[in-house]
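Order of the sequence lines fixes the chain letters, A, B, ..., with proteins taken first and strands second; residue numbering starts at 1 for each chain. All values below were derived from every heavy atom in this structure, side-chain atoms included, with hydrogens, water molecules and symmetry-related copies excluded.
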Number of protein chains: 2
Amino acid sequence: MNTSHLHRTRCQTCSLSSLCLPLSLSFDDVEQFDTIVRRRSPLTRGETLYMQGEKFENVYAVRSGSLKQTIIEANGEEQITSFYLPGELVGLDSIDSDTHPGFLTALERTTVCEIPFKRLESLSEQLPELRHQLYRCMSREIVDDRRLMRLLSSKTADERLASFFRNLSVRLDRCGHSAVRFRLPMSRSDIGTHLGLAIETISRVLGRFQQQGLLNIQGRQVEILDMVALSERAGIVTPCCGEQKHA
Amino acid sequence: MNTSHLHRTRCQTCSLSSLCLPLSLSFDDVEQFDTIVRRRSPLTRGETLYMQGEKFENVYAVRSGSLKQTIIEANGEEQITSFYLPGELVGLDSIDSDTHPGFLTALERTTVCEIPFKRLESLSEQLPELRHQLYRCMSREIVDDRRLMRLLSSKTADERLASFFRNLSVRLDRCGHSAVRFRLPMSRSDIGTHLGLAIETISRVLGRFQQQGLLNIQGRQVEILDMVALSERAGIVTPCCGEQKHA
DNA sequence: CGCCTAGTTGACGTCTGTCAAGCATCGTGG
DNA sequence: CCACGATGCTTGACAGACGTCAACTAGGCG
């Protein structure tokens, strides 16, 4: 029990380990994995974890709080490609070019675990489960991106926002928060930039949702009142009858 | 030199090997890799390589021709998430759920190399370069998807189409075709479904492009006349001077 | 108390989807 | 070789959704 380091926490005792990379590792393997993980002191709201174009060294697992990834194009346009919540892995999109494709910014007080990718990669040589888990994480990221693409490609503002809130609810639920009552980590403007909608549209649609009793939203405090109706609005037809899903 | 099998081709002699998974492997390693690759007889136009929901067993490398991935949602809406050209790897999005998220359909006569993922995964244990290449491929797919997301999230029909043609040109160039003169493998309707635009819009915008001398398009025969103007139209500003920007 | 940012609400224009009709292109068979 | 239908593509008219501009309100903080 050496707790010499201030931020010393261990994967073995982390409540998020069931969502994180160590997911399917044996006890001994987790211990080995734990040795390459570095805990960083918390980021404050607005602080950046890395900048666009910076050399890629580490991936990060979110422990608490939340972050956004912003890509700024040559012409100055911004796009928020994704938000990251506790238990999610950040930086997998940086492997190919060996640089970070965007800015990673904390939306609130946020703690992350830093995992040197080189060491992760070589550790994955010895631990097939870890390797598979890494492949799965990346594959999931592709699938999630495709889902968002579908959303953006043809859906109305209502569908986009309903889908966004539904997705947020599911992910918050997974990491231990309430699925129906939570505080939005991001601003309306962030949501707009992410979904390709003007901030005014966000405002109007949320107003409409509230009027129709789908949800209650005061500033950033959200309460989902009718998840079924929200899902329908998102274009998801049957929440009940068989959909194939397994790990 | 056993050439018993009809479709026996070898990675060592494949003109696309510099784009494909064996990219950074040594000669011996390529040989080892080659043993797990199965060549399939060509797919004809419209033939499916796999169906949505089917169990995931193999990834595929495109040798010639082209394919599209179509996802059909519960409500019947279709989305073409991506097109695959020679040298590109298909199926990486199936790892997480262990099933194929969509239909993979040949757009023309197409040949692919079948790579059993289980064997690929275990081979990647012994070959760090292969492992890294796999990570890179997946990472690149995420990056490409994000690019498309940005396109879909806020760009006009003109920008989407200009960007689409530019992207196609770059990819065709990479796999040995001409970058300025080629035959579109997909229909207008496919492009529309992919970019989230009505087929009529595609038609109108392409007409405009032609009128403005950006490109020449007769049916599926395309000639790009002014790549610079096309890039500008796609929202890509400076092909030259670099810009530094941060928050 | 007053400024500043975040969010709301309204008026208006435009892009693009929808519907509908017309045209070209291709393969099939007589 | 041409007729013919099927399919894919183009063009036009119109309407609706959403972006833009602008004014206004509500919190948050020195």
**Q** Measure from the side-chain N and O atoms of B:Arg160 to the backbone N and O of B:Lys155, and report whether any donor-acceptor pair falls under 3.5 Å.
**A**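 It does hold such a pair.
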**Q** Run through A:His194, A:Lys68, A:Gln69 and flag the one making a side-chain hydrogen bond (donor to acceptor under 3.5 Å, both in side chains) with A:Thr81.
**A**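 The side-chain hydrogen bond (donor to acceptor under 3.5 Å, both in side chains) with A:Thr81 is passed solely by A:Gln69 among A:His194, A:Lys68, A:Gln69.
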**Q** Between C:dT16, D:dC9, D:dT20, which one does the side chain of B:Arg220 approach most closely?
**A**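 Out of C:dT16, D:dC9, D:dT20, the nucleotide with an atom closest to B:Arg220's side chain is D:dC9.
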**Q** Can a side chain N or O of B:Ser203 be found less than 4.0 Å away from OP1 or OP2 on D:dC9?
**A**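 For D:dC9, neither OP1 nor OP2 has a side-chain N or O of B:Ser203 closer than 4.0 Å.
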**Q** Atom CG of B:Leu195 and atom P of C:dG17: how far apart are they, to the nearest Å?
**A**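 Spelled out: CG on B:Leu195 to P on C:dG17 is 11 Å.
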**Q** Got a salt bridge between A:Arg150 and B:Glu77, using NZ or NE/NH1/NH2 to carboxylate O under 4.0 Å?
**A** no
**Q** Shorter than 3.5 Å, N or O on both sides, protein versus nucleotides 21-24 of chain C: list them out with atom names.
**A**
none

**Q** How about A:Val90 and A:Val112: do any of their side-chain heavy atoms sit closer than 4.5 Å?
**A** no
**Q** Please state how far atom CD in B:Gln221 lies from atom C1' in D:dG8, giving the value in whole angstrom units.
**A** 17 Å
**Q** May I have the distance from B:Lys155 (atom NZ) to C:dT14 (atom C1'), rounded to whole angstrom?
**A**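 It works out to 19 Å between those atoms.
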**Q** Show the atom names and distances, to 0.1 Å, of all donor-acceptor pairs under 3.5 Å that link a side chain in residues 43-50 of chain B to residues at least two apart or in another chain.
**A**
{"unit_1": "B:Thr44", "atom_1": "OG1", "unit_2": "B:Glu47", "atom_2": "OE1", "d": "3.2"}
{"unit_1": "B:Glu47", "atom_1": "OE1", "unit_2": "B:Thr44", "atom_2": "N", "d": "2.8"}

**Q** Choose from D:dC9, D:dC18, C:dG17 the nucleotide whose nearest atom is closest to any side-chain atom of B:Arg188.
**A**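 The listed nucleotide nearest to B:Arg188's side chain is D:dC9.
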**Q** For the CZ atom on B:Arg166, are there more than 12 heavy atoms of other groups (residues, nucleotides or ligands in this structure) within a distance under 6.0 Å?
**A** no
**Q** Flag the pair B:Ile95 / B:Val59 as yes when at least one side-chain heavy-atom distance between them is below 4.5 Å, and no otherwise.
**A**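 B:Ile95 does not reach B:Val59 side chain to side chain.
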**Q** Atom CG of B:Leu206 to atom P of D:dT11: distance rounded to whole Å?
**A** 11 Å
**Q** Atom CD1 of A:Ile217 and atom P of C:dA6: how far apart are they, to the nearest Å?
**A** 16 Å
**Q** Given side chains that start at C-beta, do those of B:Pro101 and A:Arg146 come closer than 4.5 Å, heavy atoms only?
**A** no
**Q** Base, sugar-phosphate, or nothing for B:Ser187, non-hydrogen atoms under 4.0 angstrom?
**A** sugar-phosphate
**Q** What is the distance, rounded to the nearest whole Å, between atom CE of B:Met186 and atom P of D:dC9?
**A**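 Checked: the CE to P distance equals 12 Å.
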**Q** From CZ of A:Arg208 over to P of C:dT9, roughly how many Å is that when rounded to an integer?
**A** 12 Å
**Q** Can you tabulate the close N/O pairs, meaning under 3.5 Å, that link protein atoms to atoms of nucleotides 21-30 of chain D?
**A**
{"unit_1": "D:dC21", "atom_1": "N4", "unit_2": "A:Glu200", "atom_2": "OE2", "d": "3.1"}

**Q** Whole-Å distance between D:dC18 C1' and A:Leu161 CG?
**A**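 Roughly 13 Å, once rounded to whole Å.
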**Q** Would you indicate what B:Ile202 reaches in the nucleic acid, counting non-hydrogen atoms under 4.0 angstrom: base, sugar-phosphate, or nothing?
**A** nothing
**Q** Less than 4.5 Å apart, side chain to side chain, heavy atoms only: is that true for A:Phe209 and A:Leu225?
**A** no
